[in-house]
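I have placed the structure first, in the form of structure tokens, so that the comments after it can refer back to it.
In what follows, chains are A, B, ... by sequence order, proteins preceding strands, each numbered from 1.
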Protein chains: 2
Amino acid sequence: MTDQTTIPRHHHGDLRNALIEAGISLLEEGGLDALTLRKCAARAGVSHAAPAHHFDGLAGLRTAIAQEAFDRFAASMTAAAKAEGDSPRARLRGICRGYLEFGLKHRGLLETMFGVPAEDILQEGNGPEDAASYMILRDACAPFVPEGTQPEVIEFQVWSLIHGYTLLFVSGRLGCLAPERIEDGPFEQVMALLDRVGDTTVT
Amino acid sequence: MTDQTTIPRHHHGDLRNALIEAGISLLEEGGLDALTLRKCAARAGVSHAAPAHHFDGLAGLRTAIAQEAFDRFAASMTAAAKAEGDSPRARLRGICRGYLEFGLKHRGLLETMFGVPAEDILQEGNGPEDAASYMILRDACAPFVPEGTQPEVIEFQVWSLIHGYTLLFVSGRLGCLAPERIEDGPFEQVMALLDRVGDTTVT
DNA sequence: AAAGCAAACTTGACAGTGTAAAGTTGTCTC
DNA sequence: GAGACAACTTTACACTGTCAAGTTTGCTTT
């Protein structure tokens, strides 16, 4: 039960962040369906109508949670990019591994991040470049962009491959119904296709 | 308003299918959030409690809709496999194009198909092979499986790439916020990576 | 210190939703 | 024709999102 003595009535002080944190907790514990405005409010120790002063309804809260989750995801990807070595191939493999790790540990957050409308996530510009996490992907892909090829092509190849693998794997569609570790699926073998990204030799 | 004269009270005759069709209509029109038991019941011309005799709650209805959607998807993929020619590469490209077409035309259905728990979708066996649509993918990938490689590796490479691209594209994350046609994104260039699937030459 | 204003809540109400229980109607079998 | 059961309907309740009105708190001005 929330300790009401530490939270003054009518002026929480940092309710917006408290609601976002409460929402993240609910998503981590119970997935998408577990997130409700009233439950967030209860966890933050306020009435059910308090969130309305900080968010444009449940959709607004979800968007704010997605934005916070993207920040955490970007931080996670930054660390992952360095985890497997300094060569461009190793960095690329590292961020793909980090992507999947994030999905395994935070499935509810990942589903929220990619469930909110794209236009609510991006700022005024409308390209994916707005996202810090996308810039990490871009940096890692840059060494593999052949001359005369738009960088987006390579970036979208990598992103599609790892995003698709992550969603299919964590949702139990790749042979293991409830995967707990990366090794529960053929991650290394599937990601071998990354070695072909940017490869323009004729076959 | 539903024509009540054609549906006898207390014995609809084919209510289960009527509810599934109603659900599919609601998803096509308004996406995931538009699907509710009461709206399905209203469209089928019955009371709000009637679905309970055919489905295990809203989750049960969603699962049934997903199964019907997978059937339609498989039919769509079968047609797509033949659409671009008879060579193995053309067939593979064809089903990927068909996958994306399906996602563009039926975004709500695709999100439902991959949003229900995997264990509710599969029959007694728990591999993806249960799904008709997966067998189409398997057939198309078979020519590219190198000796000594498990077929799943190649299948998962292809599935991950097209599934990821489809979800990112239709949800507006690949540079075009509301894509209407495949040409609104760099599908052909991104899918060029398919030509590398199964390629074991040393680089 | 007091008054006024606005922010930041709370309280209460309503509509929509899912689910459960009890009742009613229609069909089938004996 | 009677009985049993399937296939509904009706009623009720809890949960949820949202809105409107009221209350409390903090800040600014006099």
Classify A:T36 by what it touches in the nucleic acid, base, sugar-phosphate, or nothing, heavy-atom distance under 4.0 Å. sugar-phosphate
What do the steps show when you test A:R89 against A:E84 for salt bridge (charged side-chain N to carboxylate O under 4.0 Å, His left out), and what is the final call? CA-CA 9 Å; A:R89 288 291 176 196; A:E84 292 197 10; over 6 Å; no
Nearest-neighbour nucleotide for the [X] side chain, [options] considered:
X	options	value
B:H11	D:dT9, C:dT27, D:dA20	C:dT27
A:H53	C:dC9, C:dA8, D:dC8	C:dC9
B:K39	C:dT10, C:dA20, C:dT17	C:dT17
A:V46	D:dT16, C:dT10, C:dA8	C:dT10

Starting at [atom1] of [X] and ending at [atom2] of [N], how long is that distance when rounded to a whole Å?
X	N	atom1	atom2	result
B:L26	C:dT17	CG	C1'	14 Å
B:L58	C:dG16	CG	C1'	13 Å
A:H10	C:dC9	NE2	C1'	4 Å
B:F55	C:dA20	CZ	P	16 Å
A:L37	D:dG17	CG	P	5 Å
B:R38	D:dT9	CZ	C1'	13 Å
B:D56	C:dG18	CG	C1'	12 Å
B:D14	D:dA6	CG	P	18 Å

Could you tell me whether the side chains of A:S171 and A:R173 share a donor-acceptor contact shorter than 3.5 Å? yes
Going by distance alone, is a donor N or O of one side chain under 3.5 Å from an acceptor N or O of the other, for A:Y134 and A:W159? no
With hydrogens left out and only the distance checked, is there a donor-acceptor pair under 3.5 Å joining A:H12's side chain and the base of D:dT25? no
Does any donor-acceptor pair link the side chain of B:H48 with the base of C:dG16 at a separation under 3.5 Å? no
Do the side chains of B:R196 and A:D195 get close enough for a salt bridge, i.e. N-O under 4.0 angstrom? no
Do B:D139 side-chain atoms and B:I136 backbone N/O form a donor-acceptor pair below 3.5 Å? no
At less than 4.0 Å, is any side-chain N or O atom of A:H54 found next to OP1 or OP2 of C:dC9? Yes or no. yes
